[in-house]
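Worth knowing before you read on, the calculation uses all heavy atoms, side chains too, and leaves out hydrogens, waters and symmetry mates.
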Amino acid sequence: MTSTALKFISVTKLPTDDDLGELLDKLRGAAGYSAPLRSLADNTQTAQVNAGSLTSFTQNLSGENKADVQNSTLFAQLASDRAFDRYRAPMDWYRNYINVLGQIGWNQPAFAFDTYTSGGSTVKLDEAVLGILAAIATGDEVAMVAATMEGLKGLSDDSKQMTIWDAKSSDGNNGNFQIFPVDALPNGDVVMVLDGMQFNASTSHGRFLWWTWESTSIRIQRAANKFVLNESVYSQVRQAIIDKLGERAQQLVADIPI
């Protein structure tokens, strides 16, 4: 498994600086661009924006646990961005994303998408996320995700966090993003409750996560399940992923205050 995983990492292509040029230019002018990352602190509840994902960490995780989740999920996103357009081919993108996670040490549970309906005339995506996670996450995890989304909401549009999120979660009318809490099981295994979301809307709105949409103006698809990281596998590919990412974690990850 390890030699196969290392070979997979070696041959997997990620977006180049040219591919990310416009975003990297914006980020260099963003508030807090060079701020040190504090969300990898040991045994503390923290949160981060990680490209098109919002990650919430419980206090049961070490800094290394958090870094493993950060780097493995960023690698999966970037590999999928290089392979597919995350907005125009979202289901292909997600199939690739889940496959990449499986190749580098995460288990691969069922992750089937279905259409989300709010049951009313309007829908808010932040409320949809919490409702979806409530079915499989603990109450504390759901509360932590709510705090993460609220923390991001409180940041300015020109902050590093919002600049990353706006660029990697939506292109205006279409969205593709992941929101997940991460915890450690009693046996020490790292588990994330992954909520994958995709939407197509007839209108475009900034801060789409908190916008009140007319239900008829947006189509939302979602999938959710628990993923467990096989530490014995990941420990042997950890450095290869860090090396492959290069500066991407520094560029595309930022703390969210919670």
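For the pair P36 and D255, the tightest heavy-atom approach, listed with the atom from each and the gap, is O-OD2, 3.5 Å.
Although no hydrogens or angles enter the test, the distance criterion places a donor-acceptor pair under 3.5 Å between the side chain of K244 and the main chain of I9. Under the 3.5 Å distance criterion, the side-chain polar atoms of T73 are matched with a main-chain donor or acceptor of V69. A distance-only check finds no donor-acceptor pair linking the side chain of Q108 to the backbone of L101 [under 3.5 Å]. With hydrogens and angles ignored, the 3.5 Å screen pairs a side-chain donor or acceptor of S118 with a backbone N or O of G120. In this structure, N225 contributes its side chain and A110 its backbone to a donor-acceptor pair below 3.5 Å. A donor-acceptor distance shorter than 3.5 angstrom exists from the side chain of N50 to the backbone of Q70, with no hydrogens or angles considered. Put simply, the side chain of D92 never gets that close to the backbone of F84: no donor and acceptor are under 3.5 Å apart. Between the D19 side chain and the T16 main chain, a donor and an acceptor come within less than 3.5 Å of each other. Side-chain N or O atoms of Y116 include none that pairs as donor or acceptor with a backbone N or O of A223 at under 3.5 Å. Looking only at distances, a side-chain donor or acceptor of D42 sits under 3.5 Å from a matching main-chain atom of G63.
At least one side-chain heavy atom of L14 sits under 4.5 Å from a side-chain heavy atom of T12. Between F111 and Y97 the shortest side-chain heavy-atom distance does not fall below 4.5 Å. Between V49 and K168, every side-chain heavy-atom pair lies at or beyond the 4.5 Å cut-off.
Counting only residues at least two apart or on different chains, the salt bridge (Lys or Arg N to Asp or Glu O under 4.0 Å) pairs with a member in residues 205-230 are D114-R222, D157-R207.
How far OG of S169 is from CD1 of I179: 9.0 Å, rounded to the nearest 0.5 Å. Distance check, rounded to the nearest 0.5 Å: CG of L27 to CG of D158 gives 11.5 Å. Note that OH of Y87 and CG of D171 are 6.0 Å apart. Values are rounded to the nearest 0.5 Å.
Checked against the 6.0 Å centroid threshold, F227 and F180 do not count as a close aromatic pair.
Around atom CZ of R38, no more than 12 heavy atoms belonging to other residues, nucleotides or ligands sit under 6.0 Å away. Counting non-hydrogen atoms of neighbouring residues, nucleotides and ligands closer than 6.0 angstrom, the CH2 atom of W210 exceeds 12 such neighbours.
Relative orientation of the F208 and F177 rings is tilted, given thresholds of 30° and 60° on the angle between their planes. Using cut-offs of 30° and 60° on the angle between ring planes, the pair H205 and W211 is parallel.
Cluster partners of L185 are V191, V228, counting Ile, Leu, Val, Met, Phe, Trp and Tyr whose side-chain heavy atoms approach within less than 4.5 Å, directly or via other members.
Classification of R248 and D17 as a salt-bridged pair holds, one side-chain N sitting under 4.0 Å from a carboxylate O.
For T46 and K66, the side-chain atoms include at least one donor-acceptor pair closer than 3.5 Å. Between the side chains of Q77 and D81, not a single donor N or O lies within less than 3.5 Å of an accepting N or O.
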Can you give me every donor-acceptor pair (side chain of residues 122-150, partner residue at least two apart or in another chain, under 3.5 Å) with its distance?
| residue | atom | partner | partner atom | Å |
| --- | --- | --- | --- | --- |
| T138 | OG1 | E141 | N | 3.1 |
| T138 | OG1 | E141 | OE1 | 3.4 |
| E141 | OE1 | T138 | N | 2.9 |
| T148 | OG1 | S56 | OG | 2.6 |
| T148 | OG1 | M144 | O | 3.0 |

